[in-house]
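To start, the structure under review is shown below, and the notes come after it.
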Amino acid sequence: MAKRDPREPMIPERDQHKRPVMECVGLGIDFGGLTAVDDFNITISPTEICGLIGPNGAGKTTIFNLLTKVYQPTRGSIYLDGRDTKNLNTTQTNKAGLARTFQNIRLFKGMTVLENVLVGLHNEMEYSIAEAILRLPSYWRSEKIARERVLELLSIFDMTSVAEHKAGSLPYGSQRRLEIVRALATNPTVLLLDEPAAGMNPAETEELMENIKKINKTFHIAILLIEHDMHLVMNICEGVAVLNYGRLIAKGTPAEIQKNPRVIEAYLGTGGGEAGA
């Protein structure tokens, strides 16, 4: 089998004639004298589920921070729906269609489940600060629409029964699910999941796999996930990119990645590195 060039796009057949929803070209970042990510190239099609894997410290979360503009790239370009995001900040990037979750759950634990998801709907709120302060009819109309939307999202993930519960009171797996629902509330075209199965037991991981598939089919959006659970990656991802020392070393189908000598070497530790978080 011929080796696949890591720079070569992997586009599912259903998306062959569609414009990529996200592209990274020559992406890189330096911290002082350390190159954390270098020459990262990836193309994500509109409904693709793609995995980004690699040893600890390979630079995976740094990639997510670059995509969402937590860090500004030292070099290279990021395009969302063909638009260069060079001058966008984190909030603007979210409004452009990129949403994410985090390794460590970042919920407002003292707020209810419903309130947490309402926060995610800020992109769709159509009333002004003055209208909110004065509680004008336009404010109440927008609030009613927003709450209906939240309940709709929660129903997809069987969470309407806990809508009024404090987020911090939920079991760990439900908190993970809530964070994904809140990200979906921003109406993304690309959803970034940073180790969504971290800390989950096998039953919760299986449920997560089904939820990711449901998100992809229900919302028709692209999903890029970082994950160490290879069972999850190999069972739901159509394409897998492998990062090591901040550089792509392989890209392919799950079957190709499992047999790739460079990937095996990296995971055995002989090619591992600590270039980035």
Side-chain angles (χ1 to χ4, degrees), residues 9-12 15 18-29 36-37 40-53 59-107 116-125 149 153 176-196 211-212 215-227 236-241 243 248 276-277:
M10 287 185 59
I11 308 296
D15 288 341
K18 300 176 184 176
R19 182 173 68 184
V21 71
M22 184 172 74
E23 293 180 276
C24 297
V25 182
L27 196 62
I29 189 170
V37 173
F40 180 79
N41 299 275
I42 197 167
T43 300
I44 306 293
S45 64
T47 64
E48 180 179 0
I49 302 178
C50 181
L52 178 62
I53 67 172
K60 302 181 297 296
T61 294
T62 301
I63 293 289
F64 272 24
N65 287 336
L66 288 170
L67 296 178
T68 55
K69 296 308 182 76
V70 173
Y71 302 148
Q72 291 292 336
T74 305
R75 57 194 162 274
S77 301
I78 304 165
Y79 299 94
L80 287 176
D81 282 326
R83 177 188 180 187
D84 192 339
T85 66
K86 180 178 180 180
N87 296 317
L88 301 186
N89 59 30
T90 299
T91 301
Q92 292 166 333
T93 301
N94 176 247
K95 288 184 177 180
L98 198 60
R100 73 174 291 183
T101 64
F102 296 85
Q103 284 179 321
N104 300 314
I105 297 172
R106 298 189 184 183
L107 296 172
N116 267 271
V117 185
L118 277 174
V119 170
L121 282 172
H122 67 277
N123 288 345
E124 298 183 16
M125 295 300 189
R149 176 61 175 156
L153 287 169
R176 280 279 181 195
R177 193 167 28 166
L178 174 57
E179 191 175 35
I180 294 174
V181 174
R182 187 177 62 183
L184 287 171
T186 67
N187 197 28
T189 53
V190 183
L191 178 63
L192 308 180
L193 302 177
D194 193 347
E195 296 194 32
N211 282 330
I212 291 173
I215 290 166
N216 179 249
K217 292 179 180 178
T218 303
F219 297 93
H220 306 289
I221 62 174
I223 298 171
L224 176 62
L225 62 92
I226 294 170
E227 188 50 68
I236 68 170
C237 292
E238 297 161 290
V240 181
L243 199 68
L248 276 177

The side chain to side chain donor-acceptor pair (under 3.5 Å) partners of R75 (sequence neighbours excluded) come to D30, D38

Between V25 and Y79, is there a side-chain heavy-atom distance shorter than 4.5 Å? yes

For L67 and T93, which heavy atoms make the closest approach, and how far apart are they? O-CG2, 3.5 Å

Rounded at 0.5 Å granularity, tell me how far OG1 in T85 sits from CG in L98. 8.5 Å

Sequence neighbours excluded - salt bridge (charged side-chain N to carboxylate O under 4.0 Å, His left out) pairs with any residue from residues 182-196: R100-D194

For the CG atom of L248 and the CD1 atom of I42, what is their distance to the nearest 0.5 Å? 6.5 Å

Tightest non-hydrogen contact, residues F219 and R149, listed as CE2-NH2, 4.0 Å

Could you tell me if the side chain of V21 sits less than 4.5 Å from the side chain of D81, heavy atoms only? yes

So, using side-chain contact (heavy atoms from CB on, under 4.5 Å) as the criterion, who are the partners of Q92 when residues are at least two apart? L88, N89

Do you know the tightest heavy-atom contact between F64 and L224? CZ-O, 3.5 Å

Between I29, V70, T90, which is the residue that forms a side chain to side chain contact (heavy atoms under 4.5 Å, CB included) with N65? V70

Give a yes or no answer on whether the side chain of N216 reaches the backbone of T47 with a donor-acceptor pair at less than 3.5 Å. yes

I53 side chain reached by L243 side chain, heavy atoms, under 4.5 Å: no

Salt bridge (Lys or Arg N to Asp or Glu O under 4.0 Å) partners for R19, two or more places apart: none

For the residue pair N211 and R177, establish whether any side-chain heavy-atom pair is separated by less than 4.5 Å. yes

Kindly indicate whether the side chain of P73, heavy atoms from C-beta on, has any atom under 4.5 Å from the side chain of I78. yes

Of all heavy-atom pairs linking T62 and A36, the shortest is CG2-CB, 4.4 Å

For L192 and L225, run side-chain contact (heavy atoms from CB on, under 4.5 Å): C-alpha distance rounded to whole Å, both residues' side-chain angles, the deciding distance at 0.1 Å, then the answer. CA-CA 6 Å; L192 308 180; L225 62 92; over 6 Å; no

Sequence neighbours left out, what passes side-chain contact (heavy atoms from CB on, under 4.5 Å) with T101? Give chain and number order. E179, I180, A183, L193

Out of curiosity, C237 SG to I49 CD1, how far, rounded to the nearest 0.5 Å? 7.0 Å

Search all heavy atoms of D84 against all heavy atoms of S77 and return the closest pair with its distance. OD2-OG, 4.3 Å

What heavy-atom pair brings I221 and P188 nearest, and what distance separates the two atoms? CG2-O, 3.2 Å

Step by step, work out the side-chain contact (heavy atoms from CB on, under 4.5 Å) result for T189 and L80. CA-CA 9 Å; T189 53; L80 287 176; 5.5 Å; no

Only one of T74, T61, L27 forms a side chain to side chain contact (heavy atoms under 4.5 Å, CB included) with L66, so which one is it? L27

Within the structure provided, determine whether P46 and H220 are in side-chain contact (heavy-atom separation under 4.5 Å). no

I'd like to check the salt bridge (Lys or Arg N to Asp or Glu O under 4.0 Å) partners of K18; sequence neighbours left out, ordered by chain and number. D15

